[in-house]
2 protein chains.
Amino acid sequence: MELFQLETFLTVAREKSFSRAASRLHRTQSAVSQTISRLEEDLGEKLFDRSSRDGSLTDAGQLLVTYAEELLNVRAEARDALQELRCIKASW
Amino acid sequence: MELFQLETFLTVAREKSFSRAASRLHRTQSAVSQTISRLEEDLGEKLFDRSSRDGSLTDAGQLLVTYAEELLNVRAEARDALQELRCIKASW
DNA sequence: CATAATTACGTTCGTCGTAACCATA
DNA sequence: TATGGTTACGACGAACGTAATTATG
């Protein structure tokens, strides 16, 4: 479970579509599909229900959304904090 | 900035040594060194002060510790939650 | 049938270990 | 000079895109 995979997962979950997620991520449908497959394999859980093509999440998928959001938010905070530190040090 | 890299970083920071971190992570010194180098390159910041060999953190390194801890904790929570879901579903 | 997702294939990039190298206490 | 960290090198795995395939509405 890496942040790159979670970013992909969350984009698909939000767009409710592999193809729209791919477009938003500037990747191909194929790449997104492969990344999600690897994440599912790693977790041992399907995250999306492929039977209906409306991009609906499984139970595990729904559960993961919240954690994925938090993880990506914290990473963003970390980046901001580092940037802030750079600014402070530059003004020395 | 990926969780794999942060796990490596945090282990080095806690052990205050690349070699002890490597041992704990069941990797070689070299692998740990390379992973840290890539992370530093990605962030555009040195995280450890190599001049003194006591494994001391730079300002950026100290700042990152807190975020790295939180990120790894949240991932652990996510894994626990998924496991819990599996147990619940198994009892159906 | 048209659109969405998966699979196959070759390429690229990050991590790995081994081994050689550099540095410092 | 012994120990800790880095660099060079080749191997492996995960990501990529293209293109062919499958499946669903």
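By convention in this document, chain letters (A, B, ...) are assigned in the order of the sequence lines, proteins followed by strands, and residues within each chain are numbered from 1.
Residue B:Thr35 places its side chain closer to C:dC16 than to any other of D:dT18, C:dC16, D:dA15. Comparing D:dT6, D:dG17, C:dT15 by their closest approach to the side chain of A:Arg27 singles out D:dG17. Candidate nucleotides D:dG17, D:dA8, D:dC16 were compared by shortest atom distance to the side chain of A:Thr28, and D:dG17 ranks first. Among the nucleotides C:dA19, C:dC16, C:dT6, the one closest to the side chain of A:Phe18 is C:dT6. Here D:dC16 is the nucleotide among D:dA8, C:dA4, D:dC16 with the atom lying nearest to any side-chain atom of A:Gln34. Nearest to the side chain of B:Arg50, among C:dT6, D:dC16, D:dG5, sits D:dG5. Among the nucleotides D:dG5, D:dT18, C:dA19, the one closest to any side-chain atom of A:Ser30 is D:dT18.
Distances shown here put a side-chain N or O of B:Ser19 below 4.0 Å from the OP1 or OP2 atom of D:dG5. For A:Arg38, a side-chain nitrogen or oxygen approaches OP1 or OP2 of D:dA14 to under 4.0 Å. OP1 or OP2 of C:dG14 has not a single side-chain nitrogen or oxygen of B:Ser37 nearer than 4.0 Å. Between B:Ser33 and the phosphate of D:dT6, there is a side-chain N or O to OP1/OP2 separation shorter than 4.0 Å. Contact annotation: A:Gln5 side-chain N/O to D:dA15 OP1/OP2 distance is under 4.0 Å.
In this structure, the CG atom of A:Leu25 is 13 Å from the C1' atom of D:dA15, given to the nearest Å. To the nearest angstrom, C1' of C:dA5 lies 11 Å from NZ of A:Lys46. Straight-line distance from the CD atom of A:Glu7 to the P atom of D:dA14: 20 Å, rounded to whole Å. If you measure from atom NZ of A:Lys16 to atom P of C:dA5, you get 13 Å, rounded to the nearest angstrom. We find that CZ of A:Phe4 is positioned 13 Å from P of C:dT15, with the value rounded to whole Å. Separating the CD atom of A:Glu41 from the C1' atom of C:dT7 is a distance of 14 Å, rounded to the nearest angstrom. B:Gln29 places its CD atom 17 Å from the P atom of C:dC22, with the value rounded to the nearest Å. Taking atom CG of A:Asp42 as the reference point, atom P of D:dA14 lies 10 Å away to the nearest angstrom.
Every side chain to side chain contact (heavy atoms under 4.5 Å, CB included) that B:Thr11 has, sequence neighbours left out, goes to B:Glu15, B:Ala21, B:Arg24, B:Leu25.
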Please tabulate, for side-chain N and O atoms in residues 74-82 of chain B, each donor-acceptor pair with protein atoms closer than 3.5 Å (sequence neighbours left out).
residue: B:Arg75; atom: NH1; partner: A:Met1; partner atom: O; Å: 3.0
residue: B:Arg75; atom: NH2; partner: B:Glu7; partner atom: OE1; Å: 3.3

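Taking the charged nitrogens against the carboxylate oxygens, A:Glu2 and A:Arg38 have no contact shorter than 4.0 Å, which rules out a salt bridge.
Residues A:Ser30 and A:Thr28 bring no donor and acceptor atom of their side chains to less than 3.5 Å of each other.
The aromatic rings of B:Phe18 and B:Phe48 sit perpendicular to each other, their planes meeting at more than 60°, with 30° as the lower class boundary.
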